[in-house]
Amino acid sequence: MAHFVEVILPIPLERHFTYALTAQEAAKLGMGMRVAVPFGKSKIYTGLAVRVHTTPPQGYEAKGIHEILDTDPIVNPIQLKHWQWIAHYYMCSLGEVMRSALPSAFLLESETLVLLNKETEFDEAILNDNEFLVYEALRHQPVLKVHEIAAIIDRKNALPLLQGLLERKIIHLKETLYEQYRPKLVKYIRMGAAYNTDDALEELLHLLARAPKQSQVVLALFQLRSTTKKPISTKDLEKAANASKGVIRSLVQKEVLEEYHIQEDRVNIGTEGATDAVKELNEYQQRALQDVLKSFEEEKVALLKGITSSGKTEVYVKLIQDCLERQQQVLYLLPEIALTTQLISRLKAYFGDKIAVYHSKYNVQERVEIWKHVSHHDPKAQIVIGARSALLLPFSKVGLIIIDEEHETSFKQFDPAPRYHARDAAIVLGQLHNAHVLLGSATPSIESYHNAMVGKYGYAEINRRYGNVLLPDMELVDIKEAHRKRRMKGHFSERLLEEMTETLSLGEQVILFQNRRGFAPILECLSCGHTPQCPNCDVSLTFHQYRKQLRCHYCGHHTAMPESCMVCGSTELDTKGFGTEQIEEEVSALFPKYQVGRMDLDTTRGKHGYEKIITSFERQEIDVLVGTQMVTKGLDFRNVNLVGVLHADALLNFPDYRAHERTFQLLTQVAGRAGRTKKRGKVIIQTYNPYHQILKQVSTGAYEAMYQEQLYERELYRYPPANRVLKITFKHKNFQLLNEATDWFCGALKQKIGAAVLGPEYPPVARIRNQYLKHLLVKMDKKVALAHTKGYIKRVEKSFGAIAAYRGVRVIYNVDHI
Ligand code: ADP
Ligand code: ZN
Ligand code: ZN
């Protein structure tokens, strides 16, 4: 009987691939094991076996596999189901989900890597256009795969071109083979088996009497053994005996000493073990915990809304404890793992080395180790803390999933596929494991709060800070007025300077928040602060330099760049913002006696970038910390008593339907950094528009009012939660073709879904890597079956793909685009 296997390959094609197996292979191969398979003419891929069967494929002869790569499954059935959900819901292939789930060390490929040949000097003028593109690309990224190069020059077959470059020695090729995961082995040393008795030992020392160096080594080993029970590494012995490797090697050869290996886990965090006792909850925390447990009993996801510093983390700790007692795994998701060193050390103090941290900055090897621990339900990984990708680990039995700061938009993966929302995918994972799911936030997303209000989720809240510390006193400062009266020093109002002077003179610290996102500038009037809005959507228009236009990214509305302000007529219009760096300079000049630090993307590169800044702020080596939204997250600094927001309007005017919600969340979060201990903190928010509803709501903590108002607007403009938003992006290097293709697609969609299709529209950065981009936005009523609409879109894509001219146009789906 013939045997076959269905394989997932790490490519964007939406189907399984069938390969033939020998009877022996079929007996060994199981679901979730990897196989190396041939693909196309010359490629080798690693695929994942999903089903072994005996039905030959129709219409072609299945190729055989190259080899089976695992003896045990590395992926389990629940995981596979979860992947299927992700692929289906986020409209991508299972292979793409697999590629992002598996550490790359698991996905061996024999793909050719291309590098520049640095030895060769030549005149760039000898290159033709495509060659030059490749050359340019390689100067920016030292290594590219052949298929990436093919994409850059937009050709199926890049080999002839590469051949030419190779002949002229402009590039090299490098064949990577199996980059296997190798456990890190540490060499240890002990006495040889023959010398374990006292008699034998005495004889040995006698023998070695004339070899002082060797006897020194033996004696040193004894000394080490008497001081520690731990294995002794060869390195330690070398050091203790002050001996060379050669001396030790010759003793090993004589079998006086014996070397052995122990696998040491690379990800060796917190071996110190737990030290802190879990805290008693106060009555508010206790009540919230009861409400959460009640939701769990009703098999509902629970939302915990607790103001900053109310002690949500301690509630999580109780739930984690319960879950560990039930012998189940805990998944703790955070928006940005790098920002949470404080939280991790807090949890480690309770749970010690039961915690594994899954970190995007970890290398491939480290990821493989955690993968294995999780898969074996190893004691070292009972609690997994991580950012969104931790969700894709091979959990065998999850009992509790906590999604902290659930409102954070960074839970949504933007690129590449799968473009999933970790909160939503975690809820589905919870269902598959029958696990409890808790969402926590001081400022829940409109979606989650809505789900709680309509009873779909359970709800709990804590409205007091722990220890009854008051929420900080918030003051809105009108900088429009101050500008007019020429009362600003740089970007600082008198009020902010006054408060800074006082706080600093008391030896307390200040956080200054300046949100600055590089591209998509908006236009702002310098005298009245007005920013032009789109008439059809609730968003600000974005300034496009190259066409001197203002455009709406949602509906395509656009106007020429105005000469003067539509409101006050002033011609002083500003398109440049100001960034953290400028603020840092200004503070240094205004307060020369104090230390100023900056925390933003530029200053936090590298594995320990954040920690360094956080630690020196904690140690009060820095008096004023200037930062982007990184300073808003979860940090608990005891000595901060003033938070200044330099320009709240920049947030409000962000061209996004979530701008208001996000402003509320960010400002509440950043304000929460002030006065976390006994003394009441102060927050100064500078704005051109102190009467703006959202700012008033922030300053009075009126979450409920904000929610009602946003919900109303979202319904009016057909955004979530009542609707789903799907963004379709088209990419091609030919501008004309892209426009035609997008129009065709849009037309086909509109035939069926009509008014809900918006666009096509260019994004603010309309060309990336030589590819033009265009978007369509599809708004879907939640009441209409999603599968139905998606099915229709997929059918349109199929007909689209059948048009020869459009075949090179890439179509990218972003479901629940935010
Ligand atoms: P949140 O996560 O809601 O912002 P935290 O959990 O960080 O709040 O709590 C704020 C501070 O209060 C922390 O320093 C924490 O150690 C302390 N705290 C919270 N709950 C308790 C408790 N039950 N007993 C003692 N200290 C607590
Ligand atoms: Zn104006
Ligand atoms: Zn618009």
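Atom set for the values below is all heavy atoms of this structure, side chains included, hydrogens, waters and symmetry mates excluded. Atoms within a ligand are numbered from 1 in the order they appear, just like the ligands themselves.
Counting only residues at least two apart or in different chains, side chain to side chain donor-acceptor pair (under 3.5 Å) contacts with residues 448-466 comprise Y284-R464, T308-R465, E406-S448, S445-S448, Y449-E704, H450-Y707, N451-Y457, Y459-E461, E461-N463, R464-N468. Counting only residues at least two apart or on different chains, no side chain to side chain donor-acceptor pair (under 3.5 Å) pair has a member in residues 288-307.
Under the 3.5 Å distance criterion, the side-chain polar atoms of Q686 are left unmatched by any main-chain donor or acceptor of V477. No donor-acceptor pair closer than 3.5 Å links the side chain of H407 to the backbone N or O of A442.
Partners of D473 by side chain to side chain donor-acceptor pair (under 3.5 Å), not counting sequence neighbours, listed by chain and number: K682.
The only member of Y688, F513, F492 that meets ring pair (Phe, Tyr, Trp, His ring centres under 6.0 Å) when paired with H647 is Y688.
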Tabulate distances under 3.5 Å between N/O atoms of ligand 1 and N/O atoms of the protein, writing both atom names on each line.
from, atom 1, to, atom 2, distance (Å)
ligand 1, 2 (O), T313, OG1, 2.9
ligand 1, 3 (O), S310, N, 3.2
ligand 1, 3 (O), S310, OG, 3.4
ligand 1, 3 (O), G311, N, 3.0
ligand 1, 3 (O), K312, N, 2.9
ligand 1, 3 (O), K312, NZ, 2.9
ligand 1, 4 (O), S309, N, 2.7
ligand 1, 6 (O), T313, N, 3.3
ligand 1, 6 (O), T313, OG1, 3.1
ligand 1, 6 (O), R346, NH2, 2.7
ligand 1, 7 (O), R346, NH1, 2.9
ligand 1, 7 (O), R346, NH2, 3.4
ligand 1, 8 (O), G311, N, 2.9
ligand 1, 14 (O), D636, OD2, 3.4
ligand 1, 20 (N), Q285, NE2, 2.8
ligand 1, 23 (N), E280, O, 2.6
ligand 1, 23 (N), Q285, OE1, 2.9
ligand 1, 24 (N), Y466, OH, 2.9

